[in-house]
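One structure below.
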Amino acid sequence: MTPTATPTATTVPVALKVSPHAAKLGKVVLGNDAVGKPKKITIANKSKTTPVTFSSIVASGDFAMVNGCGATLEPKSKCSVSISFKPTTLGARDGTLTIRSNADNSPSSVSLSGIGTQPKK
């Protein structure tokens, strides 16, 4: 009798889908604690079986973030991060939202941009 191979479980890659890949936060007047209207970034776990564990979600540059995601994102689930723009100087400003996790496609990033403008006289 020939021994038969024992079936092994197939590993399921964990992947995040982040949308949009770029966020333009428009023009915001510099000073007086002015902040632009927030934009929502959606993070989705594409796996059917494996949760994603976040190690960090960070916004750089003149961009602030409100994290609506917990430490773990369950399979086939979504969460969102709200990004706002508060310019520190005039002109075009760029930043990045960086999402680090145990997903195969980590880190994921979103390009952020906004324009600091002068107050009207």
Side-chain angles (χ1 to χ4, degrees):
M1 189 167 197
T2 312
T4 57
T6 306
T8 57
T10 307
T11 56
V12 178
V14 180
L16 288 179
K17 180 180 179 187
V18 179
S19 63
H21 293 290
K24 294 181 180 183
L25 285 101
K27 295 179 181 180
V28 175
V29 175
L30 181 65
N32 296 327
D33 289 326
V35 178
K37 182 179 177 186
K39 294 267 187 180
K40 185 169 91 169
I41 308 296
T42 301
I43 303 168
N45 180 353
K46 302 305 286 178
S47 171
K48 293 179 181 175
T49 58
T50 307
V52 169
T53 302
F54 297 108
S55 52
S56 68
I57 301 176
V58 179
S60 68
D62 293 354
F63 300 88
M65 170 195 79
V66 175
N67 184 351
C69 300
T72 303
L73 185 59
E74 293 303 316
K76 303 299 280 178
S77 296
K78 295 179 184 179
C79 64
S80 63
V81 174
S82 181
I83 302 291
S84 57
F85 174 52
K86 183 178 180 182
T88 57
T89 189
L90 295 174
R93 309 296 292 154
D94 295 315
T96 304
L97 175 69
T98 304
I99 303 152
R100 296 185 189 281
S101 69
N102 66 333
D104 293 343
N105 60 340
S106 178
S108 299
S109 63
V110 177
S111 299
L112 307 172
S113 63
I115 300 171
T117 62
Q118 291 186 6
K120 293 183 180 177
K121 295 180 182 181

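FYI, the numbering just counts along the sequence from 1. Given the structure is predicted, the values throughout are model-derived calculations rather than measurements.
Contact annotation: the side chain of I83 approaches that of V81 to within less than 4.5 Å [non-hydrogen atoms, C-beta and beyond]. A heavy-atom distance below 4.5 Å is found between the side chains of K40 and S80. Residues L97 and M65 meet the side-chain proximity criterion, which asks for heavy atoms closer than 4.5 Å.
Remark: K39 engages L25 in a side-chain contact (heavy atoms from CB on, under 4.5 Å) (not counting sequence neighbours). V35 pairs by the side-chain contact (heavy atoms from CB on, under 4.5 Å) definition with S84, K86, not counting sequence neighbours. Every side-chain contact (heavy atoms from CB on, under 4.5 Å) that S108 has, sequence neighbours left out, goes to L16, V18, I99, N105. Scored by the side-chain contact (heavy atoms from CB on, under 4.5 Å) test, T96 finds S60, T98, S109 as partners (sequence neighbours excluded).
Side chain of N45 to backbone of S77: no donor-acceptor contact under 3.5 angstrom is found. Between the side chain of S101 and the backbone N or O of A103 there is at least one donor-acceptor pair closer than 3.5 Å.
Sorted by first then second residue, the ring-ring contact (aromatic ring centres under 6.0 Å, His included) pairs that include residues 43-65, not counting sequence neighbours, are F63-F85. Sorted by first then second residue, the salt bridge (Lys or Arg N to Asp or Glu O under 4.0 Å) pairs that include residues 108-118, not counting sequence neighbours, number zero. Applying the salt bridge (Lys or Arg N to Asp or Glu O under 4.0 Å) test to every pair with at least one member in residues 59-79, sequence neighbours left out, gives these pairs: D62-R93. Annotation: ring-ring contact (aromatic ring centres under 6.0 Å, His included) contacts involving residues 101-121, sequence neighbours excluded, are absent. Under the ring-ring contact (aromatic ring centres under 6.0 Å, His included) criterion, no residue pair touches residues 100-121, with sequence neighbours excluded. Among pairs with a residue in residues 23-54, none fulfils disulfide (SG to SG under 2.5 Å), at least two apart in sequence or across chains. Residue pairs satisfying the side-chain hydrogen bond (donor to acceptor under 3.5 Å, both in side chains) criterion with at least one member in residues 17-27, sequence neighbours excluded, are absent. Residue pairs meeting the ring-ring contact (aromatic ring centres under 6.0 Å, His included) criterion with at least one partner in residues 94-114, sequence neighbours excluded, are absent.
Counting all heavy atoms, side chain and backbone alike, D94 lies closest to S113 at OD1-CB, 3.5 Å. Taking all atoms of both residues into account, the shortest heavy-atom contact from C69 to I43 is SG-CD1, 4.0 Å. Considering every non-hydrogen atom in both P20 and I41, the closest pair reads CD-CD1, 3.9 Å.
S82 OG to N67 CG: the interatomic distance, rounded to the nearest 0.5 Å, is 10.5 Å.
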